Asker: 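Starting off with a structure, shown below.
FYI, side chains are in, hydrogens and waters are out, and symmetry mates aren't considered; it's all heavy atoms of this structure. Keep in mind it's a predicted model, so treat the numbers as computed, not measured.
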Amino acid sequence: MRNLLPLISSHPGGRSALTCRFRCGDACFKETPNTSDNEYAGDIIARALSRRSMMRAAAVVTVAAAAGTAALTGPNAPQAEAAALAGHGHKPNPPHKPAPSGARGLRFSPVAPNKNDKVTVPDGHSQNVVIRWGEPILRGAPAFNPDKQSAKAQAGQFGYNNDFLSLLPLRGERGRQVLVANHEYTDEILMFRGYDPANPTREQVEIAWAAHGLSVVVVQEESRTGKLGAVSRHPLNRRLTATSEFRVTGPAAGSDLLRTSADRTGSRVLGTLNNCAGGTTPWGTTLHGEENFNQYFANGTTVEHKRYGIGTGATERKWERFDRRFDLAKEPNEANRFGWVVELDPYDPDSTPRKRTALGRFKHEAAEPRLTADGRPVVYMGDDEKFDYLYKFVSSKRMKKGTSRAAREHNLTLLDEGTLYVAKLTGDSPAAEIDGTGKLPTDGEFDGSGVWIPLATGSTSHVPGMTADEVYVYTRLAGDKVGATKMDRPEDVEPSPRTGRVYVALTNNSDRGKEGKAPVDEANPRNANKHGQILELAENWDDPAGDGFAWRLFLVAGDPNDPSTYFAGFPKERVSPISCPDNVAFDDHGNLWISTDGNQLGSHDGLFGVATHGDRRGELKQFLTVPTGAETCGPVIQDRRVLVAVQHPGEVDGASVEKPASTWPDGPGKIVRPSVVAVWRKDGRDIGV
């Protein structure tokens, strides 16, 4: 038996202190915002729990229905699989020698754990940098010069610390697609020579404002490879920054809680901040989650500020010195205008993006939609904080098909009307069997049932003691009141386009089980959880608009030799080690792809693929690793190309522009730059088949 892999960091989550400092404002070292006891004796929970026996029976049906694609492993598998793939525009490969073993889509030689200062990909694959921080994308923007940066230049250049990626088709332009990217945060120590954290200059602050936000850039593929390159100055290219105008829409728009001295209507906001993961809608827009927005605001004064992690003193970046809106002693409502899901129409460069209040306000890691049988969008969302919650929104409107102007205008209202829910999970094993070690209970799985507790519908609050506006603006407090389940940092949430099952990345929680903190439960079964897990959820009767679900842990991450790990029952000696799952995506074969953030197992972060159905369910392989100090974000999985966002390369304690910890992507003597990378097979064939 192999020895356990070494831990590489005692820092929470395996990140460097520098990353924690600039990305989330040292959240791990501060009091956990959720101090609620989550005890609620109201009618909502009473009714929910009284239905538990009914849902447990329904759950069996649901899981069986959701597992329908397991039939692809039967005698008619090739024909069934080909039919399923045809709907995704998949082109069959030409005849070739027999493929290597493994789940379809995962037939590549896994990358071994490593600390290479580069993007390491499997044998037989190539890669290229699609676009780097600072590359010009708008007309008039200059070439990047790290020693001659300006806010005006940055506002026309690709932003910093790319995270979520979406690739959308571009009709009428052969070989081109539209790339949309989030820019989560800035690390001024790695951006500016001689940066003084105690005394940033106005120029540095304004450059940082321009480096946040979103980028839209058209990319061109090379005809005989998977290589992608940015098309600078394309008419669709766009930058949205911390000073761009955004509309506030939905039931809380105009609320007194959103009004400031600069916007007395509560309907217009300057900027979007800390955009982490996101989603792509069936109607051709992109969704962007505002996550650790709290760190940009100084001098928090209220209970609500504290629940959202806003401190009582100065901020790291000192923006409050240059714009009063970041000083909550002067503008107490400004922070309420961040923490939303933003919807962007990348095909209309003149459109104003919208902050969707119906989806609630919290630290949105992502927002990924699916459709009900009658065409209503359902959006799943995680609140990326220790002991916070899992949510969903069910629209009351049906999507209109097509790309006509009328259809597009209608579909841009879908996320403004509906019901917001929060999840409560119950395990089906005796509490004594969940002992905090990760040992499986006697039934062989961590599993159970759950209910979706309604929080608000339009102007109606379902939470006693809170108005609808308060539910939308202070959604965390609403979750506290109704007794939602405290989770181990729910990050990206992705419904499978094949089965409808929903996968929730729970990254880690070093405080689980500590004195005064929430104890283990069946959905979060390990004390001091360093490595995280992935939860699999099946809506009752496969109805995403329903109020009940079955769940089980699909993966319990870590070293496969650690007895506390679990890979859906697949033999653990045949999987790659994985730690701290973060962003997730699906390929056309139904495999789940997982990017990591904060690997605690002696390797750089990476991208992994895992089979979710068939006799290889749980087979997990590492596809790539990223450079020193970096996190793997994105990802986008296409038939013949994988894209990842390499975020914060070189972000290692003690690093600076003068003393870089990484030379990626341009080599020694060049400033380290967050970038987007494309990977493809050298022979031009589909990846993993």
Side-chain angles (χ1 to χ4, degrees), residues 12 20 23-40 42 252 255-260 273-274 276 289-316 326-329 331-341 355 357 359-365 381-391 420-424 453 455-456 461-491 509 511-512 514 516-518:
C20 280
R23 184 165 71 176
C24 60
D26 274 335
C28 291
F29 292 104
K30 297 176 180 176
E31 180 183 355
T32 302
N34 192 351
T35 59
S36 67
D37 57 15
N38 274 10
E39 292 180 356
Y40 176 65
S255 167
D256 288 345
L257 298 174
L258 298 179
R259 296 179 182 179
T260 67
L273 295 172
N274 212 265
C276 195
E290 296 182 315
E291 192 187 16
N292 293 301
F293 64 91
N294 58 297
Q295 64 176 307
Y296 302 96
F297 295 95
N299 304 320
T301 60
T302 68
V303 171
E304 291 81 9
H305 289 160
K306 184 176 181 180
R307 181 63 180 88
Y308 279 81
I310 297 171
T312 57
T315 66
E316 169 68 44
F326 295 107
D327 185 345
L328 298 184
E331 293 287 357
N333 281 351
E334 184 68 26
N336 296 346
R337 294 145 66 84
F338 296 85
W340 304 101
V341 170
K355 296 195 178 189
T357 62
L359 276 63
R361 174 177 166 265
F362 43 88
K363 291 187 179 182
H364 283 276
E365 169 71 21
M381 303 169 286
D383 184 350
D384 184 10
E385 188 97 63
K386 291 182 291 186
F387 303 116
D388 262 294
Y389 309 133
L390 174 66
Y391 298 86
L420 179 65
Y421 298 84
V422 70
K424 184 176 181 66
I453 304 170
L455 299 177
S461 168
H462 304 298
V463 182
M466 296 184 75
T467 66
D469 282 1
E470 289 171 335
V471 169
Y472 295 119
V473 177
Y474 304 131
T475 310
R476 282 184 166 182
L477 279 79
D480 296 343
K481 280 183 173 289
V482 302
T485 297
K486 296 181 176 182
M487 305 297 287
D488 285 351
R489 287 187 59 205
E491 297 221 30
N509 187 349
D511 284 346
R512 175 69 66 176
K514 285 186 177 179
K517 306 291 185 182

Asker: Would Lys481 and Val471 count as a side chain to side chain contact (heavy atoms under 4.5 Å, CB included) if you check the C-alpha gap in whole Å, the side-chain angles of each, and the deciding distance to 0.1 Å?
Answerer: CA-CA 10 Å; Lys481 280 183 173 289; Val471 169; over 6 Å; no
Asker: Any donor-acceptor pair under 3.5 Å linking the side chain of Asp327 with the backbone of Asn299?
Answerer: no
Asker: So do Asn509 and Phe387 actually touch side chain to side chain, heavy atoms under 4.5 Å?
Answerer: yes
Asker: So, does Arg337 use its side chain to make a donor-acceptor pair with the main chain of Leu258 at under 3.5 Å?
Answerer: yes
Asker: Measuring only between side-chain heavy atoms, which start at C-beta, is Trp340 closer than 4.5 Å to Leu359?
Answerer: no
Asker: Of all heavy-atom pairs between Val473 and Arg361, which one has the smallest distance, and what is that distance?
Answerer: O-NH1, 2.6 Å
Asker: Could you tell me whether the side chain of Lys424 reaches within less than 4.5 Å of the side chain of Thr485, counting heavy atoms only?
Answerer: yes
Asker: Measure the shortest side-chain to side-chain distance between Thr467 and Tyr474 over non-hydrogen atoms and say whether it is less than 4.5 angstrom.
Answerer: no
Asker: Taking all non-hydrogen atoms of both residues, which atom of Ser36 and which atom of Asp480 are closest, and how far apart?
Answerer: OG-OD1, 3.4 Å
Asker: List the steps, then state whether ring pair (Phe, Tyr, Trp, His ring centres under 6.0 Å) holds for Phe297 with Phe338.
Answerer: CA-CA 10 Å; Phe297 295 95; Phe338 296 85; 5.7 Å; yes
Asker: Using 0.5 Å steps for rounding, measure from the CD atom of Glu491 to the CD atom of Glu385.
Answerer: 10.5 Å
Asker: Kindly compute the distance separating CD (Glu291) from CG (Asp383), expressed to the nearest 0.5 Å.
Answerer: 8.5 Å
Asker: Where do Ala478 and Val463 come nearest, in terms of heavy atoms and distance?
Answerer: CB-CG2, 4.1 Å
Asker: Taking all heavy atoms of Ala484 and all of Val422, pick out the closest pair and write down the distance.
Answerer: CB-CG2, 3.5 Å
Asker: Within the distance-only criterion (no hydrogens, no angle test), does the side chain of His305 pair as donor or acceptor with the backbone N or O of Pro332 below 3.5 angstrom?
Answerer: yes
Asker: For Gly360, does its backbone N or O pair with a side-chain atom of Thr475 as donor and acceptor, under 3.5 Å?
Answerer: no
Asker: Looking only at non-hydrogen atoms, find the nearest pair between Asp256 and Asn333 and report the distance.
Answerer: O-ND2, 3.0 Å
Asker: When rounded to the nearest 0.5 angstrom, what is the spacing between CG in Asn294 and CG in Leu328?
Answerer: 10.5 Å
Asker: If I compare all heavy atoms of Asp469 with all of Ser255, which pair ends up nearest, and what's the gap?
Answerer: OD2-OG, 3.1 Å
Asker: Atom CG in Asn336, atom OG1 in Thr260: separation rounded to 0.5 Å?
Answerer: 10.5 Å
Asker: How long is the span from the CG atom in Leu273 to the CZ atom in Phe293, to the nearest 0.5 Å?
Answerer: 10.0 Å
Asker: Classify the side-chain pair Lys363/Asn274 by whether it contains a donor and acceptor separated by less than 3.5 Å.
Answerer: no
Asker: List for me each residue that meets ring pair (Phe, Tyr, Trp, His ring centres under 6.0 Å) alongside Phe362, sequence neighbours excluded, and say none if there are none.
Answerer: His364, Tyr391
Asker: If only atom types and distance count, is the side chain of Lys486 paired as donor or acceptor with the main-chain N or O of Lys517 below 3.5 Å?
Answerer: no
Asker: Examine distances only and state if a side-chain atom of Ser461 and a backbone atom of Met466 form a donor-acceptor pair shorter than 3.5 Å.
Answerer: yes
Asker: Mind checking side-chain hydrogen bond (donor to acceptor under 3.5 Å, both in side chains) for Glu365 and listing every partner two or more places apart, or none if nothing turns up?
Answerer: Asn583
Asker: Could you work out, with salt bridge (Lys or Arg N to Asp or Glu O under 4.0 Å) as the rule, every residue matching Asp388, not counting sequence neighbours?
Answerer: Arg307, Arg476
Asker: Please round to the nearest 0.5 Å and tell me the distance separating atom CG of Leu455 and atom OH of Tyr421.
Answerer: 9.5 Å
